[in-house]
Amino acid sequence: MSGSKAVCSFFAIVLIALSLYIPSNAYVKDIDAKNFQRGVNQFRTGSYYTAIDYFNRLLKNPNSPYFSKTLLMLSKVYLKIGRKTGEKKFLWRSLNYLQLYFLSRTRMDWDYYFTKAQVFESLKFYGRALNLYRISFLKSKSDEMKIKTTIGILRTAVFLRKKYLLNTYFILISTEKIKPEEEREIQFI
């Protein structure tokens, strides 16, 4: 009988020790939030490979509330790297992460369509990019989103030589208040 009590107390000690090392859900969510925010900060400063490291940590847990956001951010990171280096493999990887993002969500928002349009524009699929910019225009909820989308439509319309779209969207954007860098891009177009 004393041997079985010793075994039971040993297992009780092991269970207590394990419970101390298993992180709680609140702790894991806090770590996920910090990693996601650090990844976003690295992305904003242009440290793309460091951002990838932070975001890859979040991909290990598909149940994390940041999982789908991470897929979208990884797509944006690879889009920036692809534009910067000119290597299409990064753009295709960006498109792959967008597809995973699509599969992880039930509704797509402006950010998804706008990012996908940018990827297709960078890959020189201007027809697809134009269609996606039009969808993102319909999904935009703020003036800033509409302006960014309209500039994307104007860029792709130039490559596709669709003059009627240029005239329509030039009139539309002329009524908006735009930033100086956006003004320069519109003048260039």
Side-chain angles (χ1 to χ4, degrees), residues 18 20-126 128-153 155-156 179 181-182 185:
L18 284 176
L20 294 175
Y21 291 108
I22 297 173
S24 67
N25 282 343
Y27 179 72
V28 170
K29 286 180 184 177
D30 189 41
I31 290 174
D32 287 351
K34 286 180 182 178
N35 281 332
F36 184 78
Q37 190 57 45
R38 287 175 181 157
V40 170
N41 290 340
Q42 293 299 317
F43 171 74
R44 287 182 181 154
T45 60
S47 300
Y48 302 124
Y49 292 103
T50 307
I52 289 171
D53 290 339
Y54 282 116
F55 291 136
N56 279 337
R57 292 177 191 170
L58 295 168
L59 289 183
K60 294 176 184 174
N61 183 10
N63 297 326
S64 170
Y66 294 95
F67 184 76
S68 64
K69 293 177 189 178
T70 300
L71 293 171
L72 181 63
M73 286 306 298
L74 277 168
S75 176
K76 289 181 178 189
V77 169
Y78 281 112
L79 172 63
K80 290 283 191 177
I81 293 171
R83 283 183 167 176
K84 191 172 185 178
T85 63
E87 292 186 38
K88 291 188 177 187
K89 68 179 181 181
F90 294 114
L91 298 173
W92 287 110
R93 190 171 291 167
S94 173
L95 203 56
N96 289 338
Y97 278 113
L98 273 176
Q99 186 62 28
L100 291 172
Y101 176 74
F102 176 80
L103 294 172
S104 71
R105 306 250 326 203
T106 55
R107 275 186 164 186
M108 296 303 110
D109 54 353
W110 174 85
D111 214 6
Y112 167 77
Y113 290 108
F114 185 74
T115 305
K116 194 167 186 175
Q118 287 181 317
V119 172
F120 278 123
E121 183 182 355
S122 298
L123 287 169
K124 296 184 171 68
F125 295 128
Y126 299 116
R128 285 185 176 179
L130 179 61
N131 291 334
L132 289 164
Y133 277 131
R134 285 177 155 177
I135 294 170
S136 66
F137 185 81
L138 296 174
K139 298 267 185 183
S140 58
K141 294 181 179 170
S142 69
D143 290 337
E144 183 181 345
M145 289 177 180
K146 284 184 181 180
I147 291 170
K148 286 181 176 184
T149 306
T150 304
I151 291 172
I153 290 171
R155 274 194 317 264
T156 54
K179 297 175 186 170
E181 61 270 6
E182 294 167 341
E185 187 171 1

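Because the structure is a prediction, the values reported are computed rather than measured.
For Glu121, the side chain to side chain donor-acceptor pair (under 3.5 Å) partners two or more places apart in sequence, or in a different chain, are Tyr133, Arg155. Residues forming a ring-ring contact (aromatic ring centres under 6.0 Å, His included) with Phe67 (at least two apart in sequence, or on another chain): none. With sequence neighbours left out, Leu100 forms a side-chain contact (heavy atoms from CB on, under 4.5 Å) with Leu71, Tyr97. Every residue was checked against the side chain to side chain donor-acceptor pair (under 3.5 Å) condition with Thr70, not counting sequence neighbours, and none meets it. Not counting sequence neighbours, the partners of Ser64 by the side chain to side chain donor-acceptor pair (under 3.5 Å) test are Asp32. Taking the side chain to side chain donor-acceptor pair (under 3.5 Å) definition, one finds that Arg83 meets it with Ser122, sequence neighbours left out. Partners of Lys69 according to the salt bridge (Lys or Arg N to Asp or Glu O under 4.0 Å) rule, which considers only residues two or more places apart in sequence or in another chain, do not exist here.
The structure places CG of Leu74 at 11.5 Å from CG of Asn96, a figure rounded to the nearest 0.5 Å. For the atom pair CZ of Phe43 and CE of Met73, the computed distance is 4.5 Å after rounding to the nearest 0.5 Å. The CG atom of Leu58 lies 13.5 Å from the NZ atom of Lys34; values are rounded to the nearest 0.5 Å. The line from CG of Leu123 to CG of Leu79 is 9.0 Å long, rounded to the nearest 0.5 Å. The structure places CD1 of Ile147 at 8.5 Å from OG of Ser142, a figure rounded to the nearest 0.5 Å.
Asn56 places a side-chain heavy atom less than 4.5 Å from the side chain of Leu59. Between Val77 and Tyr49 there is no side-chain heavy-atom pair separated by less than 4.5 Å. Using a 4.5 Å cut-off on side-chain heavy atoms (C-beta onward), Met108 and Tyr101 make contact. Between Trp110 and Lys148 the shortest side-chain heavy-atom distance falls below 4.5 Å. Looking only at side-chain heavy atoms (C-beta outward), Ile135 and Asn131 stay at 4.5 Å or farther from each other.
Contacts classified as salt bridge (Lys or Arg N to Asp or Glu O under 4.0 Å) and involving residues 94-110 (residues at least two apart or in different chains) are not found. Within the structure, salt bridge (Lys or Arg N to Asp or Glu O under 4.0 Å) contacts touching residues 44-62 (residues at least two apart or in different chains) do not occur.
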For residues 84-94, which side-chain donor-acceptor pairs fall under 3.5 Å, sequence neighbours excluded?
{"residue": "Thr85", "atom": "OG1", "partner": "Ile81", "partner atom": "O", "Å": "2.9"}
{"residue": "Thr85", "atom": "OG1", "partner": "Glu87", "partner atom": "N", "Å": "3.3"}
{"residue": "Ser94", "atom": "OG", "partner": "Ser75", "partner atom": "O", "Å": "2.7"}
{"residue": "Ser94", "atom": "OG", "partner": "Ser75", "partner atom": "OG", "Å": "2.9"}

Taking distance alone, no hydrogens or angles, what donor-acceptor pairs closer than 3.5 Å link side-chain atoms of residues 112-120 to residues at least two apart or in another chain?
{"residue": "Tyr112", "atom": "OH", "partner": "Lys116", "partner atom": "NZ", "Å": "3.2"}
{"residue": "Thr115", "atom": "OG1", "partner": "Asp111", "partner atom": "O", "Å": "2.7"}

For this session: Output, in order, the C-alpha distance, side-chain angles, deciding distance and verdict of side-chain contact (heavy atoms from CB on, under 4.5 Å) for Asn61 and Tyr66.
Result: CA-CA 9 Å; Asn61 183 10; Tyr66 294 95; over 6 Å; no
